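Comments concern the structure below.
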Amino acid sequence: MHNNNKDLTLSAPLSGPVLTLAKVPDPVFASGAMGDGIAIDPLNNTLHAPCAGVVVHVARTGHAVTLRADNGAELLLHLGLDTVELQGEGFSILVKEGTRVSNGQALLRFDLDQVAQGCKSLVSLLILTNSEDFQVLPITLKSVKVGEPLLHIVPKTIHNAQAEVDSSGAEVHGHIRISHRGGLHARPAALIRQTAHQFNSKSQLHFAGKSASCDSLIGLMGLGIGEQDEVQVSCKGVDAKAALQALLNALSSAVNDHSLAAAPTPIAQRTRTAEAGMLNGVCAAPGLVGGPLFQLAAIHLPEDTGNANAEEQLQALDRALERVRSEIRETLSHAKKHKYTEEEQIFAAHLALLEDPALLEAALQSIDQGSAATHAWSQSIEVQCEVLQNLGNPLLAERANDLRDLKQRVLRALLGQDWHYDVPAGAIVAAHELTPSDLLQLSQQGVAGLCMAEGGATSHVAILARGKGLPCLVALGSSLLNQPQGQSVVLNADGGRLELTPNSQRLEQVAQAQREHLQRRERQHAQAHNPAHTRDGLRIEVAANVASSAEAADALKGGADGVGLLRTEFLFVDRQTAPDEQEQRQAYQAVLDAMGDKSVIIRTIDVGGDKQLDYLPLPAEANPVLGLRGIRMAQVRPELLDQQLRALLQVSPLQRCRILLPMVSEVDELLHIRQRLDALCAELALTQRPELGVMIEVPAAALLAEQLAEHADFLSIGTNDLSQYTLAMDRDHAGLAARVDALHPALLRLIAHTCAGAAKHQRWVGVCGALASDPLATPVLIGLGISELSVSPPQVGEIKERVRQLDAADCRRFSATLLNLSSAAAVRHACHQQWPLS
Ligand code: PEP
Ligand code: MG
């Protein structure tokens, strides 16, 4: 694949530090509007030809030249910024238009001092003006000297890894606004690549003057596409239309990005204040632990001799890549089996990155030029990392860490090093930046906590650390790496601090807090299987929110009294066709079976709006969260809901299955589903009916609770959406995260109103939104009349213990006073005072 004679390696036309276009202080060049390319801050005074070619244009003012290379690439060489205004002063032209020049031939000379004084910046550009036809692969982003290799350019049509792809059909185009949170970072890009692979056509994304094949994750990320940016899509081939439609769907549907949704609010900001004996960082996963510091050593490569045998190095790289691929496949199948969704998504993206043509291409080119496989691979990754880091998008910058993960793994495979760290259990690991696969290794070895000089709270490592319950601090600064091996430290992740010199008293205090935490967990766990009654004897059901039968089995083990919410979307997303009735029935039955004799509340599908399904094209919405979502889908696709209801009616025993309807806003919606259930029961010759409940998650439903309760068997409050719709604040808005608080008195009033309405018809009310998992809210919810709390599975024991400490009558009295407070903060403060958390 690297032997195509139309590829071209451009040599440096100037000497000096190399910059990506994004770093050029000129919006037109930086945005790629002129084409893709690279910049150099020149230290010499002559511009040389980066390859052989014909001079097609020389600016009259002598500040720019355009060359056409033999492979058709058109290269604009532009000295300095805004230098046209110098009107030729300080420049001399050394070539004529229409002449042929050789590689390295001098083209322009300029007076460095004079030009520097007269213009905005000396930063000079090499731009591929027809970059829609070529892929640009930087070789280095360090300093170069004239004539050194700088950039590979690869014709897109001929040299693409998809050369075999059928591109005989017509080309079709479309455009779409990106709704993936944080833009097109690794996981959404992996989704786009996966979608494109289902078709024979060749597909590309175009943004800000740059193009990337949908084959290349790196290329896609390198476009620097942010949330709400509009991108062009082109597909060419026999199935171009279908490919375009699928890509537009994939681009417009937001992936469930746990990296953003689950990121804790950083307690400490990135201020690395030099408080004695203390390093400040950002909390990526909470917790408080003490232990010996263990510095993880980085891999050091020997000098590259530059005259390695290309054939041998290619084979070595192939073997190493295959080894890493098979390791990742193993991780993936383990994650799949255990339903570790986040782990699965992250490593699936790693696998795609490892096959990325842009990475391989650059490495192979360097090997061809005599580099050792280790250096070629390492350099190819570092160049792409810098590209990602310079896009000005923090999420994409953090994805550089995923590339470095692959760098290390492949280097280890090349160097024959074992991928195993000898870290003592209980250690606090320090590193420049840990990678996702480091984290999996370390967590298996029983380390107590993690701290990193760099990194961010939304990185993949942070997500995994939270999932594994490993306290983790990031962005502590490079002085972390100077701390001695084995030194006793305290990692206070909640407080965003690493205490470097804790005295024995502090260490003992932390150890004591850890012991108490563990004891509390053990005590809660031991009691989790008993029912939870308040001190005055009121039974509160503590159920679990789950998304699969595996999670249901874990919830039962953890003491859940039932499933309070099964989100059935898990069956419908990430696939190309809808699950049929049979598949759905089996999946629901599996959840019922996993729960022993407990009841299971199954919510009908809640997609639409911003959660699009590939096989269910719904019109694009101006305000997706106010659009056709939840039960409103019955309006446009009634057959889908009928199919789900039929599957639900066939589980057994039916009395353990309760059906819950999302996003109901008026009684007719409920009555309509009741009628459908009756008709379907008649079709299936069933005499029994499952209980039917309504989610209270829009203010209209809360205000109509009494009327709804007349026809529903139970109500379940979705505090996540109820907060969003009551406060008019997007529940996923990073800037509003702290204010979308369901303890807001307005929400408490709606909850109180719901309970009062339900009581008129002797119906019970539960809460399945996130507020149910907040122990500070437990007394308030009990006080307002809630009798079931459906919580995240690991918290069942904790919430049950909280219930047992409370007196329901006292909860009722005090909760009534909270309705009169003026803000969520005031409610939280009052709750802390009245019912302190242990
Ligand atoms: C809610 O809105 O509170 C809820 C439980 O539903 P979801 O989070 O799935 O929208
Ligand atoms: Mg909801």
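For the numbers below, each heavy atom of this structure counts, side chains included, while hydrogens, waters and symmetry mates do not. What you are looking at is a predicted structure, and each value in this text was computed from that prediction instead of being measured. Remember, it's 1-based here, ligands and their atoms both numbered in the order they're listed. Starting from 1, each residue takes its place in the sequence as its number.
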Answer yes or no: is there a donor N or O on one side and an acceptor on the other, between the side chain of Gln644 and the main chain of Ile605, under 3.5 Å?
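Between the backbone of Ile605 and the side chain of Gln644 there is a qualifying donor-acceptor contact (under 3.5 Å).
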Does some side-chain heavy atom of Gln589 sit less than 4.5 Å from a side-chain heavy atom of Ser652?
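Yes, side chains in contact.
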With a 4.5 Å cut-off on side-chain heavy atoms, are Val591 and Ile602 touching?
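No - every pair of side-chain heavy atoms lies 4.5 Å or more apart.
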Please could you name the atoms of ligand 1 that Arg567 approaches to less than 4.0 Å, counting only its heavy atoms?
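It comes down to these atoms of ligand 1: 4 (C), 5 (C), 6 (O), 7 (P), 8 (O), 9 (O).
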Atoms of ligand 1, numbered as shown, that sit under 4.0 Å from any heavy atom of Leu565:
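Reading through ligand 1 atom by atom, the close ones are 5 (C).
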Classify the side-chain pair Glu801/Gln527 by whether it contains a donor and acceptor separated by less than 3.5 Å.
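The answer is no; no qualifying pair exists.
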Compute whether any side-chain donor of one residue and acceptor of the other, for Gln724 and Asp721, lie under 3.5 angstrom apart.
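Gln724 vs Asp721: donor-acceptor pair found between side chains.
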At under 4.0 Å between heavy atoms, is it the side chain or the backbone of Met663 that contacts ligand 1, or both, or neither?
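Neither; nothing of Met663 gets under 4.0 Å from ligand 1.
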Applying a 4.0 Å heavy-atom criterion (strictly less than), which segment of Leu722 is in contact with ligand 1: side chain, backbone, both, or neither?
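The answer is neither.
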Specify the closest pair of heavy atoms between Pro653 and Leu592, including all atoms of both residues, with the distance to one decimal.
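That would be O-CD2, 3.8 Å.
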Looking at Glu697, pick out the N, O or S atom nearest to the Mg ion (ligand 2) and give its name.
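This turns out to be OE1.
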Atom nearest to the Mg ion (ligand 2) - Asp721, N, O or S atoms considered:
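Of the nitrogen, oxygen and sulfur atoms in Asp721, the Mg ion (ligand 2) lies nearest to OD2.
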Please report whether ligand 1 has a polar contact with Glu569, defined as an N or O pair separated by less than 3.5 Å (distance criterion only).
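Among all N and O atoms of Glu569, none is under 3.5 Å from an N or O of ligand 1.
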Any heavy atom of Gln724 closer to ligand 1 than 4.0 angstrom?
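No, that is not the case, since the closest heavy atom of the residue is not under 4.0 Å from the ligand.
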